[in-house]
Asker: 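Below is a structure I'd like to ask you about.
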Protein chains: 2
Amino acid sequence: MAATAEQRVGFGAFRAEVSLTVEDICRDYFRENRATLKIKKEAVAVPNLAAFVNATLKLSSAVGFDAMSLRDLCSESGLSMGALYAYFSSKDELLTMIQRQGQATVKRILAERIDHIRDPLPRLRVAIRSHLYLSELLHQWFYFFFMETKNLKKQNRTIPIESELYTERIITDILTAGRDEGVFSVENIELTGAVIKAMLQDWYLKRWKYSQRKVTVDEYASFVEGFIESAIVRERAPNGGERP
Amino acid sequence: MAATAEQRVGFGAFRAEVSLTVEDICRDYFRENRATLKIKKEAVAVPNLAAFVNATLKLSSAVGFDAMSLRDLCSESGLSMGALYAYFSSKDELLTMIQRQGQATVKRILAERIDHIRDPLPRLRVAIRSHLYLSELLHQWFYFFFMETKNLKKQNRTIPIESELYTERIITDILTAGRDEGVFSVENIELTGAVIKAMLQDWYLKRWKYSQRKVTVDEYASFVEGFIESAIVRERAPNGGERP
DNA sequence: AAAAATATAGCGAGCGCTCGAAATATTTAT
DNA sequence: ATAAATATTTCGAGCGCTCGCTATATTTTT
């Protein structure tokens, strides 16, 4: 019961509320692409898609997408080469699917989380926490986005760039609103947004470091919040960095 | 004359003072490994090593080290497969050489730059600027360090990890000294060091973004300095963020 | 029995790497 | 000084292997 209660705040609450699995993301993909997919039955397709995606994320985080062979991928998935090519017409399509579905999911959830919050300070806090929590929940996806961008074909190169700028834009829009309302003191909004983004990214790029030091995502989130606020918040209330 | 004068401060001055070329780094490598290298004459070996290293950095920043074929590497270098294997016994040895020599060079220059500065605030400033300037000067090397770590064999995996922690340690040691002397107000030194490192890293990981926005390394350095100091410096002098 | 899904053997291409010969530079002999 | 002998460096075609991918046979579902 104590454990359940603890999960009602911070990352635990976030995880419970969004309840997002790889299968969910694959189901979206299946339903959006029913027409063109060779495999017709959802009950068969979705678990198999999830198996391929999970195996891809696992193997390519170990050796990189390029170095991952499709034979290894199939044996990790428990399926065959033939099955793989019934779902994806090429290795590149597999890569593109993971990129597109992942980015779209992240974008959707981020928007859902902050849309209803108006005041700049709480909005900034939720944006920061949501990004960190999402990257914790979908750690392998985030790592994949960053590391495998260079393997994308030209037509898809813009997706991760847009995604990077989209997230940064969320931050800078909040900073602008906060400055206009007089609650933030920000000299250079563009660069402030960039370094906030860098801090958020470090959480999934250096996971080995933080998990070795036993830093939790909630600790990191609180720290980053405090660090940013001490640099940009005009007047701090006595408990400015805390929430009830 | 005006251009020369401008180079006396910031990155221009740094570049002039350290005057570091790829050939210099290759010369170090040649002299340290004279005994085991097949090619004996320095005047022959050093330019050819530099040609291979330059070509490797260029091609692998475009497609990744793994995807770079040795045939492409040779034609980019203007030398043959046979020549390549007279200098490196395997593709992996080429990778290891670039990692080791690069990291050692960075470590050496960083130490040279800060060793003589005692007071925490100026020491922190020089550490931050030196790291940013070095990553600007050796941009391809830094990018290579980060992106190609996963391709290293297990025996060399510890090198980039040590290097990451070494740089972070330089920062956290300064923070600790500054706190002890009462000039810094830092609650969590470990995490503060980690996010400072993240900001330094962003400069070479997102070069496309900053060059597109026409942000210079000196502008970025000044901003990061100011951002960090507004979060950790106890009392700021009226011109606390500026230098004469 | 027909349709849908999966399994497997095999293809051409491109990979890292090797090796004997060719080219070049240096030393020795006359 | 010149030629011969030797040492050093460079070359590139070819080897074995694994890759992404496919054609076809087999199994499972309806």
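First the proteins, then the strands, lettered A, B, ... as listed; each starts at 1.
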Asker: In terms of side-chain heavy atoms of K91(A), which of dC17(C), dT9(D), dC21(D) is nearest?
Answerer: dC21(D)
Asker: Starting from P on dC19(D), measure out to CG on L94(A) and report it in whole angstrom.
Answerer: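 So the CG-P distance, L94(A) to dC19(D), works out to 16 Å.
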Asker: Looking at D24(B) and T21(B), would you say the former's side chain and the latter's main chain have a donor-acceptor pair under 3.5 Å?
Answerer: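 It does hold such a pair.
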Asker: Mind calculating the distance between OH (Y85(A)) and P (dC21(D)) to the nearest angstrom?
Answerer: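 After rounding, the gap between these two atoms is 3 Å.
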Asker: Rounding to a whole Å, what distance do you find between L84(A):CG and dA7(C):P?
Answerer: 12 Å
Asker: The side chain of S80(B) lies closest to which of these nucleotides: dC11(D), dG20(D), dC17(C)?
Answerer: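 Ranking dC11(D), dG20(D), dC17(C) by closest atom to the S80(B) side chain puts dC11(D) first.
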Asker: Would you tell me if any nitrogen or oxygen in the side chain of Y87(A) comes within less than 4.0 Å of OP1 or OP2 on dT6(C)?
Answerer: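 True: Y87(A) side-chain N/O within range (under 4.0 Å) of dT6(C) OP1/OP2.
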Asker: Can you measure L73(A) atom CG to dC21(D) atom C1' for me and round it to whole angstrom units?
Answerer: 14 Å
Asker: Choose from dT26(C), dG20(D), dA5(C) the nucleotide whose nearest atom is closest to any side-chain atom of R71(A).
Answerer: dG20(D)
Asker: In whole Å, what is the span from the NZ atom of K38(A) to the C1' atom of dC21(D)?
Answerer: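 Distance, rounded to whole Å: 12 Å.
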Asker: Quickly, which of R129(B), R15(B), R207(B) forms a salt bridge (charged side-chain N to carboxylate O under 4.0 Å, His left out) with E136(B)? Name it, please.
Answerer: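 When salt bridge (charged side-chain N to carboxylate O under 4.0 Å, His left out) is applied between E136(B) and each of R129(B), R15(B), R207(B), only R207(B) qualifies.
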Asker: Let me know the distance between CZ of F65(B) and C1' of dG16(C), rounded to the nearest Å.
Answerer: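 Checked: the CZ to C1' distance equals 11 Å.
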Asker: Considering only dT18(C), dA5(C), dT26(C), which nucleotide approaches the side chain of V44(A) most closely?
Answerer: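 Of the options given, the side chain of V44(A) lies nearest dA5(C).
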Asker: Rounded to whole Å, please give me the gap between CG in D66(B) and C1' in dT18(D).
Answerer: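 In whole Å, dT18(D) C1' lies 13 Å from D66(B) CG.
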Asker: Evaluate the criterion salt bridge (charged side-chain N to carboxylate O under 4.0 Å, His left out) for residue pair R113(B) and E17(B); output intermediate values, then yes/no.
Answerer: CA-CA 11 Å; R113(B) 287 261 141 187; E17(B) 283 168 31; 2.5 Å; yes
Asker: For the pair made of CG in D72(B) and P in dC17(C), what is the distance, rounded to whole Å?
Answerer: 15 Å
Asker: Heavy atoms from C-beta onward define the side chain here; which of dC21(D), dA5(C), dC17(C) lies closest to that of K40(A)?
Answerer: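 Within the option list, the nearest is dA5(C).
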Asker: Classify N48(A) by what it touches in the nucleic acid, base, sugar-phosphate, or nothing, heavy-atom distance under 4.0 Å.
Answerer: sugar-phosphate
Asker: So which one's nearest nucleotide on DNA chain D is more toward 5', A83(B) or M81(A)?
Answerer: A83(B)
Asker: Counting side-chain heavy atoms from CB outward, which of dT22(D), dG16(C), dA5(C) is closest to I39(A)?
Answerer: dA5(C)
Asker: Go nucleotide by nucleotide along DNA chain D from the 5' end; which of G82(A) and L70(A) gets its closest nucleotide reached first?
Answerer: L70(A)
Asker: For the backbone of I159(A) and the side chain of S163(A), can you confirm whether one donor and one acceptor N or O come within less than 3.5 Å of each other?
Answerer: no
Asker: Counting only side-chain heavy atoms from C-beta out, which of dC19(D), dT18(C), dC21(D) sits nearest to S69(A)?
Answerer: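 Selected nucleotide: dC19(D).
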Asker: Which one, dA7(C), dT10(D), dC19(D), comes nearest to the side chain of L79(A)?
Answerer: dA7(C)
Asker: Looking at R157(B), I want to see if its CZ is surrounded by more than 12 non-hydrogen atoms of other residues, nucleotides or ligands under 6.0 Å.
Answerer: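 Buried by this count: over 12 neighbours within 6.0 Å.
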